[in-house]
Amino acid sequence: MSENENKNPTNFVKQIIEEDIKNRKNDSRVHTRFPPEPNGYLHIGHAKSICLNFGVASEYNGLCNLRFDDTNPTKEEQEYVDSISEDVRWLGFDWEDREYYASNYFQKLYEYAVQLIKAGKAFVCDLTADQMREYRGTLKEPGQDSPYRNRSVEENIDLFERMKNGEFEDGSHTLRAKIDMSSGNINMRDPVFYRIQRSTHHRTGDEWCIYPMYDYAHCVSDSIEGITHSLCTLEFEDHRPLYDWFLDQLNVFHTHQIEFARLNISHAVLSKRKLLQLVQENYVNGWDDPRMLTISGMRRRGYTPASIRKFCERIGVAKADSTVDMALLEYSIREDLNKSAPRVMSVLRPLKIIITNYPEGQTDDLDAINNPEDPGAGTRKVPFSKIIYIERDDFMEDPPKKFFRLAPGREVRLRYAYFITCVDVVKDDNGEVSELHCTYDPETRGGDAPDGRKVKATLHWVSDEHSLEAEVRIYEHLFEKADPDNPKDEADFKSYLNPNSLTVLDGCRVEPSLAGAEPGSRFQFERLGYFSVDSDSSDDKLVFNRTVTLKDTWKKIQKAKKQ
RNA sequence: UGGGGUGUGGCCAAGCGGUAAGGCACCGGAUUCUGGUUCCGGCAUUCGGGGGUUCAAAUCCUCCCACCCCAGCCA
């Protein structure tokens with residue numbers, strides 16, 4: 001890693017904050033918040049926001065709150081607040097006792113609304129949703145004032161109180177801000193900020209039948225919590241005038257809203273709506289399906305919190321719409337696991353080898369290094385015997401020029417074990433290679449030839465008698481197309497789903513040291529990739545997820561040849 | 001002339017008037033008991049386009065072009 005990458009990268013948000021600190025704005029205090037709506041699971045895009053909010057807070061000796069933006073009881077559930085809390089914590093961030101809910105402020109929000117009515121800045125409107133849409137105008141034409149816009153303060157107060165008391169039907173009345181129906185910014189055309197909605201809230205139960213809307217609740221919540229910098233995504237840019245309007249009218253602490261570009265990743269879909277669709281229509285197996293870029297999916301897949309944080313640091317924070325290459329995410333997890341994951345040998349598609357000159361019934365315990373990147377990780381013993389398995393891909397009967405691995409008559413090294421030479425190829429009735437007969441050179445025990453002769457390849461292997469059976473789940477990109485949700489595309493994003501995104505390999509063989517491996521633990525299967533033990537794994541049956549492959553130069557050469 | 005934004009290599013992204021950081025990807029080459037890792041080298045005479053200001057412009061001005069967001073009683 002270059003010296004330059006280690007330097008804490010700058011971005012426009014930090015620049016604003018640094019300027020504010022310099023100018024002693026808010027007494028140079030920095031206080032942010034991560035404000036998820038508990039209506040879905042967190043994904044890598046949220047991780048960007050989490051890292052940004054908690055990151056700048058800690059960098060400038062400030063604080064970051066976790067605040068659930070729970071103003072719409074029809075969509076929100078406790079299940080989601082639990083999963084969100086777990087995910088933020090897992091990512092490595094601590095909000096201490098500052099876990100807040102917009103719903104904590106419902107009473108205060110109500111009182112502020114009354115204050116706005118008294119100031120002549122809000123009115124109760126009887127228009128139906130359809131009527132309101134007509135009065136709103138269009139993008140290019142101004143709207144028209146509601147016929148209820150000029151009700152007296154007294155009448156508005158009375159009506160609003162009765163709304164709260166449940167005297168009206170859902171949707172029959174709204175509380176609206178009195179701003180400007182001809183504004184070019186539609187958000188300023190007398191926006192609704194309270195609606196009647198009789199549904200049970202996951203925290204306040206049936207205490208309220210009116211609920212504040214985002215534009216009102218969010219800015220006031222920020223203000224109540226003393227948030228200095230309210231970071232949100234670009235689509236809220238034209239809500240900022242309304243955000244500012246409420247705080248100005250209320251004359252309360254004024255938080256500064258700053259917008260940044262949301263994250264997109266190639267070969268993936270990141271909107272909550274689309275993720276929900278994949279889950280509900282069973283294109284994936286739940287929110288934590290390892291193919292999903294949800295935090296829970298990535299956790300199950302084997303991603304580390306550090307690798308996700310590093311990824312978020314690398315992609316930067318800016319205002320330009322962008323799509324980050326999935327390769328960068330994969331690089332980030334490889335980089336982390338290369339340093340930390342214990343190495344182990346596993347054979348995914350076994351090809352049997354009989355070492356013809358190896359004594360029957362003998363076992364050889366060979367020393368293997370646990371992690372060449374970490375000398376402190378020590379060594380372990382790996383048993384060798386007469387019958388072993390190697391990867392089918394590591395043998396070719398008629399090898400092309402650059403194939404270095406095993407072939408008839410050729411000698412290769414078995415990692416940490418012996419040099420072997422292929423002397424015979426046995427085929428089944430279909431002409432498929434069913435087993436190989438090889439001889440080994442006892443002099444090469446440990447992997448080096450005393451006479452100094454070299455081999456071109458080192459293969460991983462596993463002993464038939466000692467290895468454990470395992471299921472391995474191989475994942476590829478969920479989408480074949482780099483930009484499955486291109487808005488200009490006529491086709492549905494689901495038509496770009498990769499049919500090979502999941503391949504379940506049964507009958508894989510793993511080395512015995514993996515017995516009892518805990519779910520969630522991560523390993524490098526030498527020469528193959530990084531794998532983690534799935535939550536479905538048990539002592540009876542080990543189940544691994546492939547987190548990511550190793551970089552594969554051989555595969556690249558093959559691909560280049562085909563084209 | 002509806003409003004609000006954004007355009008720097010294939011993908012991100014620094015740059016803030018002094019002559020294009022960095023990462024990923026890609027292409028070499030060295031080391032290697034993982035075709036991994038590591039290392040070394042290459043990769044924008046040019047910053048959406050045109051004009052202008054200036055000794056000097058990706059940075060300032062101006063016109064144009066492209067793309068994104070907004071018409072929920074969602075967030």
Side-chain angles (χ1 to χ4, degrees), chain A residues 1-5 7 9-11 15 35-37 39 69 71-72 74-76 125 127-129 132-133 136-143 170-176 182-189 191-197 211 213-215 217-218 232-241 259 261 266 272 314-332 334-335 338-339 343 345 369 372-373 402-405 413-417 446-448 455-460 482 487-488 524-529 549-557:
Chain A
M1 199 185 313
S2 81
E3 201 178 302
N4 215 307
E5 209 204 349
K7 269 194 268 171
T10 187
N11 63 53
Q15 288 178 348
E37 183 190 9
N39 71 340
D69 219 336
T71 57
N72 185 358
T74 61
K75 293 188 176 170
E76 297 148 6
C125 187
L127 254 27
T128 64
M132 208 176 293
R133 194 175 308 120
R136 190 156 33 230
T138 67
L139 291 179
K140 294 190 176 177
E141 300 155 29
D170 283 16
S172 64
H173 298 263
T174 56
L175 184 67
R176 296 226 259 162
S182 66
S183 173
N185 182 344
I186 290 180
N187 295 303
M188 300 299 270
R189 317 238 265 230
V192 169
F193 69 104
Y194 260 99
R195 77 283 211 186
I196 303 172
Q197 202 161 83
Y211 291 94
M213 299 205 28
Y214 168 84
D215 285 304
H218 202 91
C232 63
T233 44
L234 251 28
E235 67 270 28
F236 293 103
E237 210 146 16
D238 29 275
H239 292 241
R240 191 173 64 233
E259 311 84 11
S266 69
K272 266 192 204 172
R314 282 196 172 103
I315 59 176
V317 178
K319 298 197 68 158
D321 296 312
S322 63
T323 301
V324 174
D325 197 324
M326 179 78 89
L328 185 59
L329 222 204
E330 294 178 342
Y331 172 82
S332 298
R334 279 193 195 107
E335 174 191 53
N338 174 50
K339 286 182 231 135
R343 278 91 300 189
M345 290 194 284
I369 293 166
E373 303 294 317
K402 283 188 172 168
F403 185 84
F404 304 148
R405 285 108 95 142
R413 170 168 43 229
L414 292 180
R415 179 143 237 226
Y416 299 126
D448 284 301
V455 288
K456 291 272 271 185
T458 299
L459 310 184
H460 61 279
K488 269 184 292 190
Q524 183 195 101
F525 287 1
E526 294 220 36
R527 303 209 306 133
L528 296 174
T549 60
L550 248 29
K551 253 175 71 181
D552 192 342
T553 306
W554 168 237
K555 196 176 198 176
K556 201 185 279 176
I557 292 169

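All values reported here derive from a predicted model rather than from experimental measurement. A, B, ... follow the sequence lines: proteins, then strands. Residue 1 opens every chain.
- Scanning for side chain to side chain donor-acceptor pair (under 3.5 Å) contacts around A:Asn11 gives an empty result, with sequence neighbours left out.
- Across all strands shown, the partner of B:G15 is B:U8, judged by Watson-Crick or G-U wobble contacts whose two distances both fall under 3.5 Å.
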Please step through side-chain contact (heavy atoms from CB on, under 4.5 Å) for the pair A:Asn72 and A:Arg195, ending with a clear verdict.
CA-CA 10 Å; A:Asn72 185 358; A:Arg195 77 283 211 186; 3.6 Å; yes
For the pair A:Ile196 and A:His173, evaluate side-chain contact (heavy atoms from CB on, under 4.5 Å) and give the outcome as yes or no after the intermediate values.
CA-CA 7 Å; A:Ile196 303 172; A:His173 298 263; 4.0 Å; yes
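- Relative orientation of the A:His218 and A:Tyr214 rings is tilted, given thresholds of 30° and 60° on the angle between their planes.
- For B:G28, the paired base is B:C40 (Watson-Crick or G-U wobble, both distances below 3.5 Å).
- With hydrogens and angles left out, the side chain of A:Arg343 and the base of B:U34 share a donor-acceptor pair within 3.5 Å.
- A:Gln197 has no side-chain polar atom (N or O) that falls below the 4.0 Å cut-off from OP1 or OP2 of B:G72.
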Close N or O pairs between protein and nucleotides 9-11 of chain B (under 3.5 Å):
{"from": "B:C11", "atom 1": "O3'", "to": "A:Thr323", "atom 2": "O", "distance (Å)": "3.0"}
{"from": "B:C11", "atom 1": "O2'", "to": "A:Thr323", "atom 2": "O", "distance (Å)": "2.7"}
{"from": "B:C11", "atom 1": "O2'", "to": "A:Asp325", "atom 2": "N", "distance (Å)": "3.2"}

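- Atom-to-atom, CD of A:Glu526 to P of B:G36 comes out at 13 Å; the value is rounded to the nearest Å.
- As rounded to the nearest Å, B:C40 and B:G17 have P atoms that lie 34 Å from one another.
- With its ring centre under 5.5 Å from that of the base six-membered ring and a plane angle below 30°, A:Trp554 counts as stacked on B:G35.
- Rounded to whole Å, the C1' atom of B:U8 lies 15 Å from the corresponding atom of B:U45.
- The C1' atoms of B:U31 and B:A44 are separated by 32 Å, rounded to the nearest whole Å.
- Here the side chain of A:Met213 is nearest to one of B:C16, B:U34, B:A75, namely B:A75.
- Comparing A:Lys551 and A:Leu414, the nucleotide of RNA chain B nearest to each residue sits closer to the 5' end for A:Leu414.
- Residues A:Met213 and A:Asp215 are not in side-chain contact: their nearest non-hydrogen atoms beyond the backbone lie 4.5 Å or more apart.
- Taking only side-chain nitrogens and oxygens, A:Lys556 comes nearer than 4.0 Å to OP1 or OP2 of B:C27.
- Comparing B:C73, B:A75, B:G5 by their nearest atom to the side chain of A:Glu37 picks out B:A75.
- Counting heavy atoms from C-beta on, the side chains of A:Pro241 and A:Asn187 never come closer than 4.5 Å.
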Under the side chain to side chain donor-acceptor pair (under 3.5 Å) criterion, do A:Arg413 and A:Thr458 qualify, and how do the steps go?
CA-CA 5 Å; A:Arg413 170 168 43 229; A:Thr458 299; 3.1 Å; yes
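- Residue contacts for A:Leu127: at a heavy-atom cut-off of 4.0 Å it reaches a base atom on one of the strands shown.
- Classification of B:G23 as anti follows from a glycosidic angle more than 90° from 0.
- Residue contacts shown for A:Thr71 are limited to sugar-phosphate atoms, with no base heavy atom under 4.0 Å away.
- As judged by a 4.0 angstrom heavy-atom cut-off over every strand, A:Tyr211 is placed among residues making no nucleic acid contact.
- Counting non-hydrogen atoms under 4.0 angstrom, A:Val455 reaches nothing in the nucleic acid.
- Among the heavy atoms of the strands lying under 4.0 Å from A:Ala327 are primed sugar atoms or P, OP1, OP2 only; no base atom is included.
- Closest to the side chain of A:Ala320, out of B:U6, B:U34, B:U37, is B:U6.
- Heavy atoms of A:Asp448 sit under 4.0 angstrom from at least one base atom.
- Within 4.0 Å of A:Gln524, counting heavy atoms only, lies at least one base atom of the nucleic acid.
- Toward the 5' end of RNA chain B, the nearer of the two residues A:Arg415 and A:Pro35, judged by each one's closest nucleotide, is A:Arg415.
- Contact check, A:Arg195 against B:G72: no side-chain N or O comes under 4.0 Å of OP1 or OP2.
- Straight-line distance from the CZ atom of A:Arg527 to the C1' atom of B:U32: 14 Å, rounded to whole Å.
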Across nucleotides 65-70 of chain B, 5' to 3', mark each nucleotide with B, S or - according to how protein heavy atoms within less than 4.0 Å reach it.
---SBB
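- Across the C1' atoms, B:U1 and B:C64 are found 14 Å apart, a figure rounded to whole Å.
- Residue-level contact check: A:Phe525 touches neither bases nor backbone, having no heavy atom under 4.0 Å from any strand.
- The A:Leu328 side chain lies nearest to B:G23 when the options are B:G15, B:U34, B:G23.
- Using a 4.0 Å heavy-atom cutoff across all strands shown, A:Pro142 reaches no nucleic acid atom at all.
- You'll find the side chain of A:Arg189 stays beyond 4.5 Å of the side chain of A:Met132, heavy atoms only.
- Neither OP1 nor OP2 of B:U34 sits under 4.0 Å from any side-chain N or O of A:Arg334.
- Remark: A:Ser183 is not in phosphate contact with B:G3, judged by side-chain N or O atoms under 4.0 Å from OP1 or OP2.
- Distances from the side chain of A:Lys402 to the nucleotides B:C74, B:C73, B:G35 place B:G35 closest.
- One distance of note links CG of A:Asn338 with CG of A:Leu550; it measures 8.0 Å at 0.5 Å rounding.
- Comparing the P positions of B:G2 and B:G10 gives an interatomic distance of 34 Å, to the nearest angstrom.
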CA sep, side-chain torsions, deciding dist, call: A:Arg240, A:Glu259, salt bridge (Lys or Arg N to Asp or Glu O under 4.0 Å)
CA-CA 9 Å; A:Arg240 191 173 64 233; A:Glu259 311 84 11; 2.6 Å; yes
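- Straight-line distance between the P atoms of B:C69 and B:U59: roughly 27 Å, to the nearest whole Å.
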Going through the checks in order, is the side-chain contact (heavy atoms from CB on, under 4.5 Å) test met by A:Arg527 and A:Arg415?
CA-CA 11 Å; A:Arg527 303 209 306 133; A:Arg415 179 143 237 226; over 6 Å; no
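- A pairwise comparison of heavy atoms in A:Arg334 and A:Thr549 identifies NE-O, 2.7 Å as the closest pair.
- Rounded to the nearest Å, the gap between the P atom of B:G42 and that of B:G4 is 46 Å.
- In terms of phosphate contacts, A:Arg133 brings a side-chain nitrogen or oxygen within less than 4.0 Å of OP1 or OP2 of B:G72.
- Checking B:G35, B:A71, B:A13 against the side-chain heavy atoms of A:Arg136 singles out B:A71 as nearest.
- Between the side chain of A:Glu373 and the base of B:U38, no donor-acceptor pair under 3.5 Å is found.
- Between B:G50 and B:A58, the distance separating the two P atoms is 12 Å to the nearest Å.
- The phosphate of B:C24 (OP1 or OP2) has a side-chain N or O of A:Tyr331 nearer than 4.0 angstrom.
- Below the 3.5 angstrom threshold, one finds no donor paired with an acceptor across the side chain of A:Glu237 and the base of B:G3.
- Distance from the side chain of A:Thr553 is smallest for B:G35 among the nucleotides B:G35, B:A75, B:C12.
- Among the nucleotides B:G15, B:G23, B:A71, the one closest to any side-chain atom of A:Thr10 is B:G15.
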